[in-house]
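Below is one structure, written out as structure tokens; the observations come after it.
Start at 1 and go down the list; that is how both ligands and their atoms are numbered.
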Amino acid sequence: MAKEPVRVLVTGAAGASFSGQIGYALVPMIARGVMLGADQPVILHMLDIPPAAEALNGVKMELVDAAFPLLKGVVATTDAVEACTGVNVAVMVGGFPRKEGMERKDVMSKNVSIYKAQASALEKHAAANCKVLVVANPANTNALILKEFAPSIPDKNISCLTRLDHNRALGQISERLNVQVSDVKNVIIWGNHSSSQYPDVNHATVKTPAGEKPVRELVANDECSGAAIIKARKLSSALSAASSACDHIRDWVLGTPEGTWVSMGVYSDGSYNVPAGLIYSFPVTCKNGEWCIVQGLPIDEFSRKKMDATAEELSEEKALAYSCLS
Ligand SMILES: NC(=O)C1=CN([C@@H]2O[C@H](COP(=O)(O)OP(=O)(O)OC[C@H]3O[C@@H](n4cnc5c(N)ncnc54)[C@H](O)[C@@H]3O)[C@@H](O)[C@H]2O)C=CC1
Ligand SMILES: O=C([O-])CC(=O)C(=O)O
């Protein structure tokens, strides 16, 4: 029997300020089954702001023209209530993006007010058990604000995207070692989706004909390359961010492969002595639609310092965000 359609919200779907256009790259991936599976029909809900209404309608027309067999309907709107009504998955891309040379903190106050308002719309109108992924920067703190203003959505259902950083680390290791990216696994992104994040390869492995080898012996810890993309494209990452958002939701809903973990920004429960009450990126495995932090990994002194530094930045962002609320 055919499955019931899943309603997926994408905010910022018009990609209309032409910063990087994640939404425009993301919606056809969802309509093709990249996010939820090749047998899962979807109804897309797309939200953007009134100045982007015409562009948003253009995206809707393209989705119709592309005749995606899995796409059972499109809601394109500038009304947050209409956009959020009945959604099972919400991917929050809309926001005020950072541009070349801009600090993330410059855009905090604009995003705090956006996320406060959209949290209320989601809380009141989304389907029960809606899973939320915040992509827009500052992603961890936007997710925290969303959590704060949608208290009836369980903590476990609110996350932010660090999968792009995770995938970047996998990609860079595969380039350096000249191996297939699918043979590399279990890197970890700890902390914030910012330059303070700690990409940790201490537990990563690469598949070789002689079995799995630790990556640590082969490469040093890595840097995130978001700024390099902005420099090269004059636009921030879009297709890789969209693809990583699909990976994040797919693994969350359908499960991570046996023996593999991924990085997700989730509400800290104090694991690894990360302060509770932050949205912090951890290694997680997913099963039956629930994520679970991988426990018991040994943490050396270098890693501890890096993990604490990014937690410290998140605590500062949290304080700044709360000061924007008053
Ligand atoms: N977490 C991650 O790994 C990454 C996060 N990002 C962040 O994702 C966000 C989106 O990036 P791009 O697609 O490049 O930006 P973009 O500027 O191309 O698109 C943003 C869209 O959001 C819309 N928007 C603004 N306020 C809105 C609101 N209140 N409600 C609904 N829509 C709204 C804009 O009209 C625009 O269409 C940015 O904050 C960017 O910094 C970008 C790359 C990676
Ligand atoms: O800073 C930005 O807007 C882009 C970003 O998050 C990334 O590429 O990781």
Nearest candidate to [atom], where distance is taken over non-hydrogen atoms, out of [options]:
atom	options	answer
atom 10 (C) of ligand 1	V134, V93, L235	V93
atom 2 (C) of ligand 1	M46, Q21, H193	H193
atom 6 (N) of ligand 1	L47, N137, L56, V10	N137
atom 25 (C) of ligand 1	A242, A117, G95	G95

If you measure every N/O of [X] against every N/O of ligand 1, is any gap under 3.5 Å?
X	result
D165	no
A139	no
V135	yes
D48	yes

* Which part of I229 is near ligand 2, with near meaning a heavy atom under 4.0 Å away: side chain, backbone, both or neither? ->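 Within the 4.0 Å criterion, I229 makes no contact with ligand 2.
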Where does R168 meet ligand 2, judged by heavy-atom distances below 4.0 Å: at the side chain, the backbone, both, or neither?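 The answer is the side chain of R168.
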Legend entry - Set of side-chain contact (heavy atoms from CB on, under 4.5 Å) partners for D269, sequence neighbours left out: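 By the side-chain contact (heavy atoms from CB on, under 4.5 Å) rule, D269 matches S271, I293.
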- Query: On the ring face of Y267, is K156 found with NZ or CZ under 6.0 Å from the centre and within 45° of the axis?
  - Reply: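 No cation-pi geometry.
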What are the atoms of ligand 1, with element, lying closer than 4.0 Å to any heavy atom of [X]?
X	result
L164	3 (O), 44 (C)
S236	14 (O)
I114	26 (N), 29 (N)
S237	43 (C)

Counting only heavy atoms from other residues, nucleotides and ligands, does the tally under 6.0 Å from NZ of K3 exceed 12?
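Yes, the 6.0 Å shell around NZ holds more than 12 heavy atoms from other groups.
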Please answer whether the main-chain N or O of [Y] pairs with a side-chain N or O of [X] as donor and acceptor at a distance below 3.5 Å.
X	Y	answer
S323	L320	yes
T11	V93	yes
N192	L314	no
N111	N137	yes

Task: Numbered atoms and elements of ligand 2 in range of N137, under 4.0 angstrom, heavy atoms - done: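 Matching atoms, with element in brackets: 1 (O), 2 (C), 3 (O), 5 (C), 6 (O).
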Ligand 2 atoms in contact with S237 (distance to a heavy atom under 4.0 Å)
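Every atom of ligand 2 under 4.0 Å from some heavy atom of S237: 8 (O).
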Run the ring-ring contact (aromatic ring centres under 6.0 Å, His included) check on W190 and Y272 step by step: do they pass? CA-CA 10 Å; W190 298 102; Y272 293 98; 5.1 Å; yes
Problem set entry | ligand 1-proximal atoms of Q118, by part, heavy-atom distance under 4.0 Å |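 Under 4.0 Å from ligand 1, Q118 contributes side-chain atoms alone.
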Tabulate below the donor-acceptor pairs under 3.5 Å that side-chain atoms of residues 273-280 make, not counting sequence neighbours, or state none.
residue	atom	partner	partner atom	Å
Y280	OH	M307	O	2.9

Quick test of your reading of the model: are E212 and K185 salt-bridged, counting only N-O distances below 4.0 Å?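 Result for this pair is yes, salt bridge flagged.
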**Item:** From CA spacing to verdict: side-chain contact (heavy atoms from CB on, under 4.5 Å), M92, L9
**Value:** CA-CA 8 Å; M92 314 301 284; L9 167 67; 4.2 Å; yes
